[in-house]
Amino acid sequence: MPTRVPAPMAKWEHLHFSSQSVPGAGGPAGDARTPDGQSALRLHAGIATIAFVLSTLVTVIFFLEGETVLGIIFGVITLGCIGAFGWATASLRRARLSR
């Protein structure tokens, strides 16, 4: 016996959850291939860019002030921003190719 989908959810029945879900884009439209998912990925990339610029600035300031430990900590944060930007752009590219 097939399962019935409640009426409010019937319009989302064609969307399936996949490994391409995007953090920050919830619900059935949270897949990277949907417009909402791609918008969330662009937002992630933009935030990572701004965070990279700011953390690079803070890293330079700490090293100029002689605070080596804090400079290294913010340098690691800067590398994390690069990783987040790379993940967002790669996911966006992969989602566009799978459409």
Notebook entry, point to check: How long is the gap from CZ on Phe85 to CD1 on Ile50, to the nearest 0.5 Å?
Noted result: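 Separation between the atoms: 11.5 Å.
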
Notebook entry, point to check: In Å, rounded to the nearest 0.5 Å, how long is the span from OG of Ser91 to CZ of Arg96?
Noted result: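 Between atom OG of Ser91 and atom CZ of Arg96 there are 11.5 Å.
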
Next item on the list: Grab the two heavy atoms, one from Thr89 and one from Ala45, that are nearest each other, plus how far apart they are.
Entry: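 Heavy-atom minimum between the residues: CG2-CB, 4.4 Å.
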
Note to self: Quick test of your reading: applying side chain to side chain donor-acceptor pair (under 3.5 Å), list the pairs with at least one residue in residues 47-58, sequence neighbours left out, ordered by first then second residue.
What the structure shows: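 Counting only pairs at least two positions apart or across chains, the side chain to side chain donor-acceptor pair (under 3.5 Å) contacts touching residues 47-58 are Ser55-Thr78.
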
Item checked: Residues clustered with Phe74, ILVMFWY side-chain links under 4.5 angstrom ->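 Members alongside Phe74: Val58, Phe62, Val69, Leu70, Ile73, Ile77.
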
Notebook entry, point to check: Hey, what else clusters with Val53 if you join Ile, Leu, Val, Met, Phe, Trp, Tyr whenever side-chain heavy atoms sit under 4.5 Å?
Noted result: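 Besides Val53, the cluster holds Phe52, Leu79, Ile82.
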
Quick one: side chain to side chain contact (heavy atoms under 4.5 Å, CB included) partners of [X], sequence neighbours excluded?
{"X": "Ala51", "answer": "Cys81"}
{"X": "Ala84", "answer": "Ala48"}
{"X": "Ile61", "answer": "Leu57, Glu65"}

